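Please read all numbers here as calculations on a predicted model, not as lab measurements. Position 1 is the first residue of the sequence; numbering continues from there.
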Amino acid sequence: MLDQNIVREATRLTRAGRLTEATALLQRMLRGEGASSGTTGRAVRVGPARLDPPTLDVKVHAVEERTSGRATEHASILGHRRPAPLKGVKDFAGLGLRGLGRLAPPSTSDIVPDGASFIKGTFGNAAGSRTYKLFIPSRAPAPPRPLIVMLHGCTQSPDDFAAGTRMNFFAEEQNCFVVYPEQPHGANQAKCWNWFRAGDQQRGDGEPSLIAGITRQIMRDHGIDPKRVYVAGLSAGGAAAAIMGATYPDLYAAVGVHSGLACGAASDLPSALTAMRQGGAPGATVKACSPVPTIVFHGDRDTTVHPDNGDRVLDGLGEAESRKAKVVRGRVPDGHSYTRTILTAAHGRDISEHWSVHGAGHAWSGGSPAGSYTDPRGPDATREMLRFFMEHPLSA
């Protein structure tokens with residue numbers, strides 16, 4: 001269990017530059033040990049406006065190890081019995097670890113198919129500015145084409161996310177545009193979208209206004225079909241995608257949430273930690289993406305974002321209608337098994353899909369090892385999300 005007094009005290013120590021003490025305090029909490037009275041007795045509540053945006057994500061690096069003839073998987077994730085030491089404020093903030101090492105930057109051939117373009121742009125408004133990378137398919141201009149907005153996870157970049165998901169290659173086949181807004185270090189020191197802050201969960205404000213502004217700029221400049229605009233993301237980006245579906249249902253026709261959380265799952269650092277570890281913060285007001293069709297992917301062994309968060313993303317979706325659920329179970333050859341739950345409304349239209357990937361952790365299902373946070377053993381989240389999107393144009 002999270003001790004909120006310890007979390008607040010660790011925050012205070014971090015603000016004071018006492019990182020070693022803050023790290024030790026959090027590690028004692030995660031081991032189930034109490035804090036010394038001399039530390040927690042000095043806890044001071046710090047206003048949210050003064051806090052640096054915390055990192056709420058980790059990078060997982062799977063290492064196969066043979067033990068007694070069986071393959072086991074290990075990951076550098078805070079919360080295991082023997083957590084690795086935290087080093088510096090970037091690792092401490094948000095209780096996340098970066099992983100065992102850095103991947104080499106992906107090559108151009110891993111990011112964009114031959115003949116297509118991947119260009120950089122910028123958008124700004126009263127909330128600030130963000131750069132983005134835009135994938136333009138190689139085919140000659142056709143009738144208005146679809147647009148997919150892809151929101152990366154913490155520590156990722158547009159290039160990394162594009163390489164890991166291979167969304168550009170699938171979009172080339174479907175003649176779609178894809179835009180990757182980039183969260184800078186200045187907005188969050190580990191480049192996480194600030195899904196847990198109340199000011200970044202509202203239409204017309206904060207990061208939602210920037211993401212929507214980028215979307216509309218691409219639509220205007222490239223003749224995008226306004227009925228076929230979609231948003232998806234991983235982890236912190238998945239939580240941000242859920243927020244976009246909840247706050248801009250007139251802009252996005254469907255939403256994809258991979259290993260993320262529902263809009264309203266948290267409003268500050270303590271509630272975010274609770275939601276990530278337990279699947280929901282007490283008293284949280286979750287805003288379902290209704291009426292936006294939503295597809296969710298989540299590994300059932302995700303120890304970074306509790307798998308129950310996948311269910312909460314879909315809470316309330318289509319509640320006003322009579323719904324039917326269809327459950328399909330399968331397995332990827334030499335890969336993960338999965339349970340796919342399809343929710344259908346009374347008029348026969350599928351309104352949601354929930355893919356629970358058995359044995360998978362905190363990683364993009366079916367992704368390429370050229371990017372981070374990927375699990376190549378499938379099922380292929382990119383292919384399935386794009387298929388789901390194309391089946392769901394924006395309703396009148």
Side-chain angles (χ1 to χ4, degrees), residues 57-64 71 73 75 99 103 106-107 109-113 135 148-153 156-174 176 178 180 230-238 241 254-260 294-305 307 309-310 313 327-342 350 352-392:
D57 213 337
V58 305
K59 178 173 287 188
V60 178
H61 290 264
V63 180
E64 189 173 80
E73 193 174 79
L103 295 173
S107 66
S109 62
D110 291 322
I111 298 170
V112 59
F135 170 76
I148 297 110
V149 180
M150 293 287 284
L151 303 175
H152 63 73
Q156 292 184 311
S157 68
D159 286 1
D160 180 21
F161 197 37
T165 62
R166 294 187 65 80
M167 180 59 82
N168 292 345
F169 292 86
F170 287 94
E172 173 75 0
E173 295 175 3
Q174 297 288 334
C176 298
V178 188
Y180 300 80
Y230 309 95
V231 59
L234 170 66
S235 195
V255 175
V257 178
H258 201 312
S259 308
T294 302
I295 181 170
V296 168
F297 271 77
H298 214 119
D300 66 3
R301 290 183 61 187
D302 189 338
T303 57
T304 302
V305 176
N309 284 290
V313 170
V327 178
V328 178
R329 293 181 174 87
R331 176 181 290 277
V332 176
D334 299 320
H336 291 300
S337 62
Y338 59 86
T339 299
R340 175 189 176 200
T341 303
I342 306 166
D350 294 345
S352 75
E353 289 189 20
H354 184 185
W355 292 68
S356 178
V357 185
H358 305 310
H362 193 68
W364 188 273
S365 182
S368 166
S372 62
Y373 295 86
T374 64
D375 184 345
R377 292 172 293 176
D380 196 326
T382 303
R383 183 184 300 277
E384 297 299 339
M385 283 191 183
L386 193 54
R387 184 263 312 159
F388 183 85
F389 290 164
M390 296 301 104
E391 292 173 354
H392 291 87

Exercise. Write down the atom of G256, the atom of A241, and the distance for their closest heavy-atom approach.
Key: O-CB, 3.8 Å
Self-check item: Taking every non-hydrogen atom, the tightest pair across D375 and A360
Solution: OD2-CB, 4.1 Å
Quiz item: Rounded to the nearest 0.5 Å, what separation is found between the CG atom of L151 and the CD atom of Q156?
Solution: 11.0 Å
Quiz item: Nearest 0.5 Å, what's the CZ-OG distance between R329 and S356?
Solution: 10.0 Å
Quiz item: Are M390 and Y230 side-chain neighbours, meaning at least one heavy-atom pair lies under 4.5 Å?
Solution: yes
Quiz prompt | Test item: H298 and V305 side chains (from C-beta on) under 4.5 Å apart, heavy atoms | solution = yes
Quiz prompt | Listed partners of H354 passing side chain to side chain donor-acceptor pair (under 3.5 Å), at least two apart | solution = D311
Quiz item: Quick one: CG on L386 to CD on Q174, what's the gap to the nearest 0.5 Å?
Solution: 5.0 Å
Quiz prompt | Residues which pass salt bridge (Lys or Arg N to Asp or Glu O under 4.0 Å) with D110, listed by chain and number, not counting sequence neighbours | solution = none
Quiz item: If every non-hydrogen atom of G378 is compared with every non-hydrogen atom of V357, which pair is closest and at what distance?
Solution: O-CG1, 3.7 Å
Exercise. Calculate, to the nearest 0.5 Å, the distance between atoms CG and CZ belonging to D334 and R377 respectively.
Key: 11.0 Å
Self-check item: pair S368-T374: side-chain heavy atoms closer than 4.5 Å
Solution: no
Exercise. Mind telling me whether H258 and F297 have parallel, tilted or perpendicular rings, with 30° and 60° as the class edges?
Key: parallel
Exercise. Identify, with sequence neighbours excluded, every residue that meets side chain to side chain contact (heavy atoms under 4.5 Å, CB included) alongside A162.
Key: I111, F118, N168, Y180
Practice problem: Check whether any side-chain heavy atom of F135 sits under 4.5 Å from a side-chain heavy atom of P113, and report yes or no. | Solution: yes
Exercise. Would you list the pairs meeting salt bridge (charged side-chain N to carboxylate O under 4.0 Å, His left out) in which at least one residue belongs to residues 381-391, sequence neighbours left out?
Key: E353-R387, E384-R387, R387-E391
Quiz prompt | Any side-chain heavy-atom pair of Y338 and R340 under 4.5 Å | solution = yes
Quiz item: Looking at A232 and F389, what are the two nearest heavy atoms and their distance?
Solution: CB-CZ, 4.0 Å
Quiz prompt | Over all atoms of both residues, closest heavy-atom pair of S109 and F169 | solution = O-CZ, 3.2 Å
Exercise. State whether a side-chain donor-acceptor pair under 3.5 Å links D160 with S372.
Key: yes
Practice problem: Tell me, please, which residues at least two apart from S365 pass side chain to side chain donor-acceptor pair (under 3.5 Å). | Solution: none
Quiz prompt | Where S259 and D302 come nearest, the two heavy atoms and their spacing | solution = CB-OD2, 3.8 Å
Quiz item: To the nearest 0.5 Å, what is the distance between CZ (R301) and OG1 (T304)?
Solution: 12.5 Å
Quiz item: Under 3.5 Å, is there a donor-acceptor pair between the side chain of T382 and the main chain of R166?
Solution: no
Quiz prompt | Centroid-centroid under 6.0 Å between W364 and Y373 rings | solution = no
Exercise. Please identify each residue that fulfils side chain to side chain donor-acceptor pair (under 3.5 Å) with T339, with sequence neighbours left out.
Key: H358
